[in-house]
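Everything numeric here is computed off the predicted structure, so don't read it as measured data. Heavy atoms only: backbone and side chains are in, while hydrogens, waters and symmetry mates are out.
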Amino acid sequence: MIMNNQSFIDELLENKEYTTEPHTTWSKKIEALDGFIFVTPEYNNNIPSGLKDHIDYLGSEWHHKAAGIVSYGSTLGIAASLALRTTLANLKIAAVEPQGAFSLFNDFEHIAIFKPMEVHHKRLEELIDDVVAWSTALQSIRKSQVLA
């Protein structure tokens, strides 16, 4: 999707008038959800371009929702989670704590099969609980903006 007119892009995103069926379908899917858990590898100290593209394709559909972040990589995916946190903040998504961070060396068998250490289980349960709690709380903000 290549467009050069920024005001056209801003208007398109604000009005959710997308020109392709996949874009419209993606918009409706994200609009219908209250919260998200993003699972991302670290790639070149960042999130993969495919994830960034899918986030950036939309605008207000993301606003005032909650998200949890689970990252993995040779250094737990920490750089990716920080980059994702910044991206989400720009879209008015509340990234909750705690977050999951997994090592390719300790939480994956042969760096391919996900086998998290026991120590992560409680933290992931907390992450899920917080995403649900924040998503529920933010519903009132989204509803008030629809009425405005």
Trainee: Any sub-3.5 Å donor-acceptor pair from Lys52's side-chain atoms to Thr87's backbone N or O?
Mentor: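 No, because the side chain of Lys52 does not come within donor-acceptor range (under 3.5 Å) of the backbone of Thr87.
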Trainee: Do other residues, nucleotides or ligands put more than 12 heavy atoms under 6.0 Å from His121 NE2?
Mentor: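 Check passes, neighbour count above 12.
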Trainee: Give, for atom CD of Glu61 and atom CD of Glu31, the distance between the pair rounded to the nearest 0.5 Å.
Mentor: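 Going from CD on Glu61 over to CD on Glu31, the span is 5.5 Å.
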Trainee: To the nearest 0.5 Å, tell me how far Asp129 CG sits from Leu124 CG.
Mentor: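 So the CG of Asp129 and the CG of Leu124 are separated by 11.0 Å.
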Trainee: Between Ser27 and His23, is there a donor-acceptor pair closer than 3.5 Å when you use the side chain of the first and the backbone of the second?
Mentor: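 The answer is no, because no donor-acceptor pair under 3.5 Å joins these two groups.
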Trainee: At what distance, to the nearest 0.5 angstrom, does CD1 of Ile37 lie from CD1 of Ile128?
Mentor: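 Here the interatomic distance stands at 5.0 Å.
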Trainee: If you round to the nearest 0.5 Å, how far is CD1 of Ile47 from CZ of Arg85?
Mentor: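 Arg85 atom CZ to Ile47 atom CD1 measures 12.5 Å (nearest 0.5 Å).
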Trainee: Can you check whether Phe114 and Phe102 have ring centres sitting under 6.0 Å from each other?
Mentor: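 Yes.
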Trainee: Taking C-beta and beyond as the side chain, do Ile93 and Ile55 meet within less than 4.5 Å on heavy atoms?
Mentor: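 When only atoms from C-beta onward are counted, Ile55 and Ile93 do not touch, as no gap falls below 4.5 Å.
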Trainee: Please step through side-chain contact (heavy atoms from CB on, under 4.5 Å) for the pair Trp62 and Phe36, ending with a clear verdict.
Mentor: CA-CA 10 Å; Trp62 297 110; Phe36 315 93; 3.7 Å; yes
Trainee: Determine whether Phe38 and Leu84 satisfy the following criterion, side-chain contact (heavy atoms from CB on, under 4.5 Å), listing intermediate values before the conclusion.
Mentor: CA-CA 9 Å; Phe38 291 92; Leu84 181 55; 3.6 Å; yes
Trainee: Does any pair with a residue in residues 69-82 pass salt bridge (charged side-chain N to carboxylate O under 4.0 Å, His left out), and if so which ones, sequence neighbours excluded?
Mentor: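 For residues 69-82, and leaving out neighbouring residues, there are no salt bridge (charged side-chain N to carboxylate O under 4.0 Å, His left out) pairs at all.
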Trainee: Side-chain contact, heavy-atom cut-off 4.5 Å: Pro48 with Thr40?
Mentor: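 Side chain of Pro48 against side chain of Thr40, heavy atoms only: contact under 4.5 Å found.
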Trainee: Verify, without hydrogens or angle tests, whether Ser60 (side chain) and His63 (backbone) share a donor-acceptor contact under 3.5 angstrom.
Mentor: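 Checked: no pair found.
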Trainee: At what distance, to the nearest 0.5 angstrom, does CD of Gln139 lie from CD1 of Ile141?
Mentor: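 Between Gln139 CD and Ile141 CD1, I get 11.0 Å after rounding to 0.5 Å.
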Trainee: Say whether, by atom type as modelled, one donor and one acceptor occur between the side chain of Ser74 and the main chain of Phe105 under 3.5 angstrom.
Mentor: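 Not a single qualifying donor-acceptor pair exists.
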Trainee: Going by side chain to side chain donor-acceptor pair (under 3.5 Å), name the residues that satisfy it together with Arg123, two or more places apart in sequence or in a different chain.
Mentor: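 Result, side chain to side chain donor-acceptor pair (under 3.5 Å) vs Arg123: none returned.
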Trainee: The test is side-chain contact (heavy atoms from CB on, under 4.5 Å); show your working for Thr24 and Lys28 and say whether it passes.
Mentor: CA-CA 6 Å; Thr24 301; Lys28 288 178 182 176; 3.8 Å; yes
Trainee: Check salt bridge (charged side-chain N to carboxylate O under 4.0 Å, His left out) between Glu109 and all other residues, then give those that pass, not counting sequence neighbours.
Mentor: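 Expected list: Lys115.
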Trainee: Would a 4.5 Å heavy-atom cut-off, applied to side chains only, mark Asp130 and Pro98 as touching?
Mentor: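 Asp130 reaches Pro98 side chain to side chain.
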Trainee: If you count the non-hydrogen atoms of other residues, nucleotides and ligands that lie under 6.0 Å from CZ in Phe108, is the total more than 12?
Mentor: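 Above 12, so yes.
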Trainee: When you measure from the side chain of Glu42 to the backbone N and O of Ile78, does any donor-acceptor pair fall under 3.5 Å?
Mentor: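 Such a contact is found between Glu42 side chain and Ile78 backbone.
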